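Below, read A as the first sequence line, B as the second, and so on, with proteins coming before strands; counting in each chain starts at 1. Bear in mind the structure is a predicted one, so any value in this text is a computation, not a measurement. Atoms considered below: every heavy atom in the structure, side chains included; atoms not considered: hydrogens, waters and symmetry mates.
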Amino acid sequence: MKILTVALNTFREAIRDRILYLLLFFAAICIAFSRFLALLTVGDRIKIVKDVGLASISLFGMLMAILIGTGLVYKEIDKKTIFTVIAKPIHRYQFLLGKYLGLVLTLLVMIVLMSLIFLVLIFVHTLTIEWKLLIAIFFIFIELCILTAVAILFSCFSTPILSSLYSLAFYLIGHLSWSMETLIKKVKPGIGKTLLQILYTFLPDLENFNFKTEVVHNLPLPSEIYLHSFLYGLFYSLFLLALAMIIFHRKDFV
Amino acid sequence: MSTVLDVNNLHKAFTTGFIPQKKKILKGITLKVEKGEIFGYLGPNGAGKTTTLKCILGIIFPDEGEIRLFGLPNTSLQAKEKIGFLPENPYFYEYLTAAEFLRFYAQLFGLSRETKEKKINHLLQLVGLERASTVQLRKFSRGMLQRIGLAQALINDPLLVFLDEPLGGLDPIGRKEMRDIILRLREEGKTVFLCSHILQDIEMVCDRVAIIVDGKILNQGKLQDLVSEKILFYEIVVSDVPASSFKGLGECLAEDGGRLLLKVTAEENIKEIMKIVLNQNGRIHSLTPRTATLEDLFVHLVRQR
């Protein structure tokens with residue numbers, strides 16, 4: 001109940017933040033812009049609309065998660081609003097989870113809004129509602145849940161600017177780390193290979209949530225992959241949140 | 001009387017600077033607050049008042065020492081359910097309206113919907129903000145923030161209220177109202193822990209005080225005991241006697257319309273002065289012992305350090 005109270009308050013804070021609407025506005029422009037890009041394309045135009053639309057949802061969702069997420073806890077400490085909350089009967093972990101869920105709820109609303117714009121645009125073209133696109137959008141949302149956990153983790157001990165940079169680095173590493181798999185295959189067995197394997201286990205692999213190509217090109221995928229990606233997202237988020245809670249648990253708010 | 005707050009040998013140091021250096025802020029604070037009293041925690045800026053308060057409320061963790069609220073560890077939720085806290089500078093969620101703000105805190109205490117709304121209306125009325133209930137806190141003045149801060153501190157009907165500089169930023173009428181509210185809290189049987197560096201605030205409302213200087217409590221006790229122990233001098237108002245008669249016995253501070261105001265430091269000189277007045281058929285209008293004020297005591301202690 002207390003987690004929910006903090007979550008709803010965080011949601012209220014986030015939706016009253018102008019930056020959110022600015023990002024939503026640009027996301028809408030980008031999604032709509034895919035229509036003009038399609039005009040310049042030879043071949044299947046609708047694929048371009050889908051590709052650019054999904055990429056826009058992913059990009060602007062990431063910006064929302066990082067830009068709002070990194071400020072959430074830091075602002076509470078910096079503006080000292082946390083003092084009165086900590087003095088109330090609430091555990092610190094409840095407060096942090098509430099903050100996290102509040103932002104996840106905000107992102108969910110934003111993803112729904114962006115998806116509506118996107119699906120309407122696709123509907124105008126094809127006169128059908130392409131439900132399959134929702135699979136790709138769902139996994140974009142799971143990726144955003146991880147990014148929010150990262151942003152909150154960094155904002156527990158760092159300033160918003162640094163936290164944003166760290167979170168952005170996490171995002172980039174997450175989308176490039178799959179190439180390490182190829183590297184591991186090519187390295188001869190030994191310490192180097194073991195170290196690379198350990199590193200690969202801990203580094204995020206956000207490509208697990210990228211189903212854009214498969215969905216856009218209608219490629220078949222076994223359902224276990226969806227389950228694997230979902231569980232990976234869930235456990236990675238929990239791992240990051242647990243780290244954030246450990247830091248937050250004994251932190252002095254001065 | 002039962003003890004509601006028991007702080008024992010509290011130590012806290014912060015690490016500061018590029019080359020980390022430990023700076024001791026609290027150096028063994030020990031104090032007790034009894035049920036139903038207004039306890040004044042007095043000290044100059046930077047003495048460690050707010051740090052003590054933050055330790056008590058679980059905002060920071062002490063390096064050493066023990067804090068118990070109502071016999072429970074200070075970080076337990078059961079203890080926190082019985083306390084209220086108004087921070088020094090009102091730091092609140094500025095995107096919320098006054099009513100939303102109070103509703104948020106009420107929900108943290110798990111108040112039922114009906115109790116919550118009743119309580120919010122009552123508190124907004126108590127602090128004089130009923131007309132501002134739909135205004136966002138970002139549009140509030142400093143004094144209004146102080147008032148809404150007090151309202152949130154009282155949302156759970158606390159048994160012990162911590163007020164950090166509660167009269168700061170208020171106009172004279174606001175200060176009077178805030179003082180009245182603090183006194184009313186005592187009448188309702190609540191305990192108030194009042195942090196301040198403004199002596200007047202403490203002197204007017206507190207039953208007991210502790211004076212903290214440089215992280216140590218230098219004096220603690222009932223206000224009357226602390227300040228009335230020392231009689232600094234006596235003021236005697238006499239008439240129909242020339243000032244020259246009291247030479248060597250006291251200092252003549254003022255002379256107006258045949259009346260003299262004498263300042264007498266030695267108690268044995270009073271009898272002598274009275275004799276002179278009676279012998280010369282003069283009149284004694286008043287004899288007032290001037291005890292040390294809290295300010296005198298405070299200045300004395302701070303200078304001693």
Whether A:R250 engages the ring of B:F61 as a cation-pi pair (distance to the six-membered ring centre under 6.0 angstrom, angle to the ring normal within 45°) should be assessed.
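A:R250 over B:F61 ring: yes.
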Nearest heavy-atom neighbours spanning A:K88 and B:Y105
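Smallest interatomic distance, heavy atoms only, reads CE-CD2, 3.3 Å.
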Smallest heavy-atom separation, B:Q152 atom then A:T84 atom, equals NE2-CG2, 3.5 Å
Engaged part of [X] at the chain A interface, taking heavy atoms whose separation is under 4.5 Å:
X      : value
B:F14  : side chain
B:E94  : side chain
B:I56  : neither
B:Q136 : side chain

Test item: [X] and [Y] side chains (from C-beta on) under 4.5 Å apart, heavy atoms:
X      : Y      : value
B:K54  : A:F83  : yes
B:E88  : A:K80  : no
A:N9   : B:Q107 : no
A:V85  : B:F104 : yes
B:L108 : A:V6   : yes

Could you have a look at B:F109, B:F162, B:F92 and say which one has the most heavy-atom pairs with chain A under 4.5 angstrom?
B:F109
Most heavy-atom pairs under 4.5 Å with chain A, out of B:L57, B:I60, B:T51, B:I59, belong to B:I59
At a heavy-atom separation under 4.5 Å, does A:R92 approach chain B through its side chain, its backbone, both, or neither?
side chain
Please look at A:K251 and chain B and tell me whether the side chain, the backbone, both or neither of the residue comes under 4.5 angstrom of a heavy atom of that chain.
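Contact with chain B involves the backbone of A:K251 alone.
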If we check side chain to side chain contact (heavy atoms under 4.5 Å, CB included) with B:Y93, which of these qualifies: A:K79, A:K75, A:R16, A:E76?
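That would be A:E76.
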Should we say atom [atom1] of [X] is surrounded by more than 12 heavy atoms from elsewhere, each under 6.0 Å from it?
X      : atom1 : answer
B:E188 : CD    : yes
A:L116 : CG    : yes
A:F33  : CZ    : no
A:L162 : CG    : yes

Would you give the length of the straight line joining atom OG1 of A:T81 to atom CG of B:L96, rounded to the nearest 0.5 angstrom?
10.0 Å
Hey, does the side chain of B:K80 reach the backbone of A:I86 with a donor-acceptor pair shorter than 3.5 angstrom?
yes
